[in-house]
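Here the structure comes first, spelled out in structure tokens, and everything after it is commentary.
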2 protein chains.
Amino acid sequence: MAREALPESGDGHPADEGGGSCPVQDIAAAWERERPGTPVSSIGIVTPIWQLAKLLGDDRRRVLARAGVDAATLDLLSVLRRAGAPYTLTTRELGRRSLVSAGAVSQRVARAEREGLVTRRPGAGRPRTVLVELTAAGHELVEATVDQVLHREAELISGLTGEQQEQLTGLLRILLQDTRRRLGDDRITHVGQE
Amino acid sequence: MAREALPESGDGHPADEGGGSCPVQDIAAAWERERPGTPVSSIGIVTPIWQLAKLLGDDRRRVLARAGVDAATLDLLSVLRRAGAPYTLTTRELGRRSLVSAGAVSQRVARAEREGLVTRRPGAGRPRTVLVELTAAGHELVEATVDQVLHREAELISGLTGEQQEQLTGLLRILLQDTRRRLGDDRITHVGQE
DNA sequence: AGGTCTAAATTTAGACCTGAACATAGCATT
DNA sequence: AATGCTATGTTCAGGTCTAAATTTAGACCT
């Protein structure tokens, strides 16, 4: 790969992550070669997860750019749309469902409100709750884009057989659930009590 | 919603993504309920990948903050460290291995250079190649932090059995490889020819 | 040899997110 | 009933990324 005449992609280390963005297993091999004893056991799982998230996220951003939306806004609108009528949630709930900080929710909602996609009004419950509701324009934007995005992503993972997809889904579900449990139970579904 | 006693985690939709950040499968179920026919087949795979990347990334950032580094800089230094002596790569190669744009590489290198972790000098090859080399301080920083990060991540995925980890690694490798092939072959290892 | 072309890095503008500081609406306690 | 407490939303500063515009070093062609 990219030996001799080619650009300096090949940088001299034969066993190294050759040319291009390099198979994940070469990363673990490089650590072993350079620093024997490095705890590489997580690399085979964590690295591809990050790389896939990056590739899929970049692709989604480009797909949505053509539709004139950004991914963060569509995420907000989708959460509201999925909640069902009356398409209203508190900002607190929005943050928990989107895995972003309270500040990020505030900014997302402010942007979306400026564009007429949601409205904001004080709620009745706790101290300072704010209810965010989808407008007709916001609803339409979701309807116009969500199938496009999901269809595209189904295409991107179609290299796996149905059985492989099922296996992968199951393993990821277990890992995600377990990881959530290990990191602050804040955003966890306390399935049983409370 | 915002039921009385309970926090408004439970928002009224019984079949909805209940409280907290909600099991992934409920997201697909919510789309089905709200928009029958929505192409949800990718959700079981794409959503957990994003959520895991987010959770793991946030955690890594917090671990590194204590060590006084940011994740982007450590990524840069690690790539150079893994390349082996003389710990030198072109910016082009750095971008390909880290999956970030050329502009991002420029900024990362500028920051790291300002902190004395790498040096930059013109290279011989193509038009304007720039070689980036790890300094002694940069080398030390990698040695001081990488085990910590990898160990922590190994811990986070330890909820899976060894066999599950192997299965997951294999499936992710296939999916990543296939996804790279489908999206711009630019950063792909052209395994065979070329 | 000189002008044009191409490839590569850098700069710039715009978006987004986190963490911390800030403001505030009800609740609990005394 | 008044006061402090706590949970919540917002604002702000700082940092990172992408995409597009800009600059520039060699290569190519006539």
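We name chains A, B, ... by the order of the sequence lines, and we start the count at 1 in each one.
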Give the rounded distance in Å between these two atoms: [atom1] of [X] and [atom2] of [N].
| X | N | atom1 | atom2 | answer |
| --- | --- | --- | --- | --- |
| A/Leu76 | D/dG9 | CG | P | 14 Å |
| A/Trp50 | D/dC17 | CH2 | P | 13 Å |
| A/Arg62 | D/dA20 | CZ | P | 11 Å |
| A/Arg121 | C/dA25 | CZ | C1' | 18 Å |
| B/Asp58 | D/dG15 | CG | C1' | 14 Å |
| A/Gln107 | D/dT16 | CD | P | 17 Å |
| A/Leu131 | D/dG9 | CG | P | 10 Å |
| A/Arg60 | C/dC16 | CZ | C1' | 16 Å |

Looking at D/dT18, D/dG9, C/dT18, which one has an atom nearest to any side-chain atom of A/Val100?
C/dT18
With the side chain defined as heavy atoms from C-beta on, B/Ala102 is closest, among D/dG9, D/dC17, C/dT10, to C/dT10
Closer than 4.0 angstrom, basic N to acidic O: yes or no for A/Glu113 and A/Arg120?
yes
In plain terms, say whether B/Glu93 and B/Arg97 are close enough for a salt bridge, that is, a side-chain N and a carboxylate O under 4.0 Å apart.
yes
Does [N] have OP1 or OP2 under 4.0 Å away from a side-chain N or O of [X]?
| X | N | result |
| --- | --- | --- |
| A/Arg61 | D/dA19 | yes |
| A/Ser101 | C/dG19 | no |
| B/Arg111 | D/dT16 | yes |
| B/Lys54 | C/dT18 | yes |
| B/Thr91 | C/dA9 | yes |
| A/Arg108 | C/dA15 | no |

Between A/Val109 and B/Ala72, whichever has its closest DNA chain D nucleotide further toward 5' is A/Val109
Between A/Arg120 and B/Gly123, whichever has its closest DNA chain D nucleotide further toward 5' is A/Arg120
Verify side-chain contact (heavy atoms from CB on, under 4.5 Å) between A/Thr88 and A/Arg121, making sure each step is shown before the conclusion.
CA-CA 10 Å; A/Thr88 304; A/Arg121 66 175 189 280; 4.2 Å; yes
Test side chain to side chain donor-acceptor pair (under 3.5 Å) applied to A/Arg108 and A/Thr73, A/Asp75, A/Asp70, the passing residue:
A/Asp75
Can you tell me if NE2 on A/His139 sees more than 12 non-hydrogen neighbours from other groups inside 6.0 Å?
yes
Should D/dC29 form a Watson-Crick or G-U wobble pair with both distances under 3.5 Å, which nucleotide is its partner?
C/dG2
